[in-house]
Amino acid sequence: MSVHLVNPSDNSFGTAVITPRWLFVLAAATPQSAGDPILVDESLEQMDPSTIQPGDVVGVSVHTGNALRGYKVGRIARERGAWVVYGGIHATLFPEEALEQGHAHAVVKGDGDLVWSRVVADCFAGHPEKVYEGGRISGSDFLPARWDLMQPGKYMWASLQTIRGCPKHCSFCSVWRTDGQQPRQRRFQSVIDEIISLRRIGFRFIALADDNFYPVTLTDLRLAREQNNLARVEELTAIRADRFHLMDELAKLPKDMVFFTQITMEAGEDGDYLDAMRKANIKGALVGVEAVTPEGLKAVYKDWNYSGEALAKQLQTFKQHGVHVLGSFIFGLPTDKPATFDATVEMALKAGVTFAQFVMMTPFPGTVDFGRWEKTHAVDPTLVGDVPLTRYWLIPTEVRPKMFTPHPSMSADEIRERTQRVWDRFYTLGAIWERSACTPTLRARIAFIFLSKLYRQMYAGTGISTDSARRKKAKKWARFTARQCRKLFQAKPMPELLYPHWEPAIAAAPLRRPAFLPGDGLTEPSPFAVIPD
Ligand code: B12
Ligand code: SF4
């Protein structure tokens, strides 16, 4: 009996930009008695149903965007006699739906790191529970991933998590509700060990798949001091100190490493933090700009963000400190007007952001926006076929609308077309070439151009376009570019790189080390050894 873990996707490119981290973390959480799990990432290639045998356990992860494909995977697996278990953000929010539509035997809500071994054991024993509460585990329980099970040569960037949760409460985001507002920091020793295991096998580009890499702002600290809340000051100071400690350790890693993370704009006020990021080789960050006007920011509960001239200045500060910005902008907010599109792209160009994404307002389940929108459909629900629009992820992709919430003055098509034009304008070859001047070598400049074009095709060309011919062309192009890009990201493996010796005094709990790579000639602890304090 085997354990299979499937990352569902309708689009298989043969190569992927970022590793789906859950796959390799759940692999680490799979009990040794079950043997090595079989990992299938459908963004590379589709699952082969014939590999599934009766009595196997098939774990499927679903977020809202891939739920429909995920449910199909589960149904196929169940037909073949396997135990089917769902997890991930969407299954956490809609366990009943996964049971019904995905023919699940069980659903895991929340974090899988600790609970998964029990689920597998229950399935093999023939009596899984319907719903398991994985909960929000503490940072010291985050598992390092089983990178030794990754298909070689398929991914450009590895992904790694240093923190979960976000103290903010943006209206379009579910993270603060599902992962919680209390930041849960992983122990830096465990982070560094895992990075070393990745560098050893030739990964030097790593995405820090964190909700918010800047959990404590200077304003948070100032307010706590002004309120004379000493306990809070102490708590915030400790979280902040831990971040700096992590960055100090990152700075000691091989100099060719490149990290990328997600952060709030307030970090722009914190020169010390940005400098530490730069020293730690965190060379880029996704910054949620969302809207360029005060009204737009208010609409998404993000009025602590800057707008206008101050916004351009704030974003430029990142660059001045050596941290490149991937600006993320949302279109389709009720406050948007036709002029907003040009104003946004002009702001993105003026602020000198290195990359930008322009996403269309989507009410994701678990968000404040979704709750409001769902209420408006309570009495007279709109149906597409027999599926309510408020369950849009269950509508077949060919007929699924591209926008769901009506805009007060623009049609969905107008917003989509204007958004497409904004992508086109930001990613003209001339504009990319100009931005690529930030790279040190010609090779890096070429990599930058390829990556910009790939990003544009993968996210805009295959996503917001309603024209199926254009979508098909974009997919073909993205597949080709992805292959070329991957080569540019390859690095020479460094099997000689040693794990640091961590002083037991620093370690508060047993430290799990990532699996070492067989044949690297180094005497290292056995895979997943628990190192005693
Ligand atoms: C890193 C990240 C990305 C990266 C990398 C994606 C990748 N290839 O991995 C990038 C930047 C590319 C990205 C893109 C997008 N993302 Co994103 N992303 C994240 C982020 C910050 C972390 C994900 C991660 O790797 N976590 C680390 C792993 C270990 O945690 P995990 O996936 O939650 O898995 C744990 C549990 O959920 C559970 N689990 C998960 N699967 C399973 C399966 C089983 C069987 C079991 C038992 C348990 C289990 O156990 C795991 C270990 O504890 C999350 C935020 C979040 N908190 O989830 C958003 C998030 C997943 N993204 C989100 C969105 C909306 C997007 C985009 C649509 C954004 C956009 N508009 O373009 C795109 C979609 C891309 C795509 N087609 O998939 C939303 C999803 C909302 C939803 N309801 O689906 C999230 C939740 C953020 C948010 N703001 O709300 N994303
Ligand atoms: S959008 Fe970013 S800042 Fe806002 S709640 Fe989500 S993770 Fe936090």
Side-chain angles (χ1 to χ4, degrees), residues 3-7 9-11 16-26 28-29 41 43 57-67 70 74 84-94 98 104 106-116 119-120 132 134-137 141-143 145 155 157 159-161 164-181 207-212 214-215 260-266 286-288 290 300-302 304-305 326 328 330 357-367 370 393 455 458-460 462-463:
V3 172
H4 305 248
L5 296 169
V6 186
N7 187 48
S9 176
D10 282 316
N11 294 321
V17 180
I18 303 180
T19 50
R21 182 168 175 80
W22 81 270
L23 202 58
F24 304 95
V25 169
L26 260 262
D41 178 4
S43 62
V57 175
V58 178
V60 187
S61 181
V62 280
H63 57 77
T64 302
N66 68 3
V84 176
V85 186
Y86 286 87
I89 179 144
H90 193 81
T92 298
L93 293 163
F94 295 101
V107 177
V108 171
K109 290 170 75 178
D111 298 335
D113 311 46
L114 299 184
V115 81
W116 179 237
V119 181
V120 172
Y132 291 83
R136 292 178 192 155
I137 60 169
D141 285 327
F142 292 3
L143 286 182
Y155 297 97
W157 289 65
S159 54
L160 190 137
Q161 222 177 13
R164 281 184 206 169
C166 175
K168 303 292 181 191
H169 57 270
C170 305
S171 70
F172 56 86
C173 175
S174 55
V175 158
W176 56 283
R177 288 178 148 180
T178 51
D179 276 357
Q181 288 184 287
L208 304 178
D210 297 327
D211 296 321
N212 177 1
Y214 187 57
F260 177 87
T261 191
Q262 316 202 95
I263 205 162
T264 55
M265 202 190 289
E266 293 148 307
L286 184 151
V287 176
E290 327 306 357
V300 293
Y301 293 8
K302 213 161 180 168
W304 39 269
N305 250 7
L326 189 174
S328 181
I330 302 179
Q357 64 178 26
F358 307 95
V359 300
M360 290 203 297
M361 174 70 194
T362 306
F364 280 108
T367 63
F370 184 86
W393 51 90
Y455 194 74
M458 270 187 167
Y459 281 88
T462 62

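As the structure is a computational prediction, the values presented were derived from the model and not from experiment. One-based numbering along the sequence shown. Atoms within a ligand are numbered from 1 in the order they appear, just like the ligands themselves.
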Checklist entry - Can you list the residues that meet the side chain to side chain donor-acceptor pair (under 3.5 Å) rule with W393, with sequence neighbours excluded? => result H90, E97

Checklist outcome for this item: Sequence neighbours excluded, the answer for side chain to side chain donor-acceptor pair (under 3.5 Å) partners of D210 is T162

Item to check | Protein heavy-atom partner closest to atom 36 (C) of ligand 1 - residue, atom, separation in Å | outcome: G110 O, 3.5 Å

Next on the checklist: At less than 4.0 angstrom from any non-hydrogen atom of F172, what atoms of ligand 2 do you find?
Outcome noted: 1 (S)

Next on the checklist: So if I count the atoms of ligand 1 from 1 in the order they appear, which ones are less than 4.0 Å from some heavy atom of R21?
Outcome noted: 25 (O), 29 (C)

Item to check | H63 N/O to ligand 1 N/O under 3.5 Å | outcome: yes

Next on the checklist: For ligand 1 and Q262, I'd like to know whether there is a polar contact (N/O to N/O, distance under 3.5 Å).
Outcome noted: no

Checklist entry - Can S9 and N11 be said to form a side chain to side chain donor-acceptor pair (under 3.5 Å), step by step? => result CA-CA 5 Å; S9 176; N11 294 321; 5.3 Å; no

Checklist entry - Should the proximity of Q357 to ligand 1, defined as any heavy atom under 4.0 Å, be assigned to the side chain, the backbone, both, or neither? => result neither

Checklist entry - When you measure from atom 58 (O) of ligand 1 to each heavy atom in D179, N7, T92, which option holds the nearest one? => result D179

Checklist outcome for this item: Within a distance under 2.8 Å of atom 8 (Fe) of ligand 2, the protein atoms of type N, O or S are C166 SG

Item to check | Test side-chain contact (heavy atoms from CB on, under 4.5 Å) applied to Y214 - qualifying residues, sequence neighbours left out | outcome: N212, T217, L218, R240, I263, T264, E266, A267, D270, Y273

Checklist entry - What do you think, any protein heavy atom under 4.0 angstrom from atom 66 (C) of ligand 1? => result no

Next on the checklist: Under 4.0 Å between a side-chain nitrogen and a carboxylate oxygen: does that hold for R164 and D113?
Outcome noted: yes

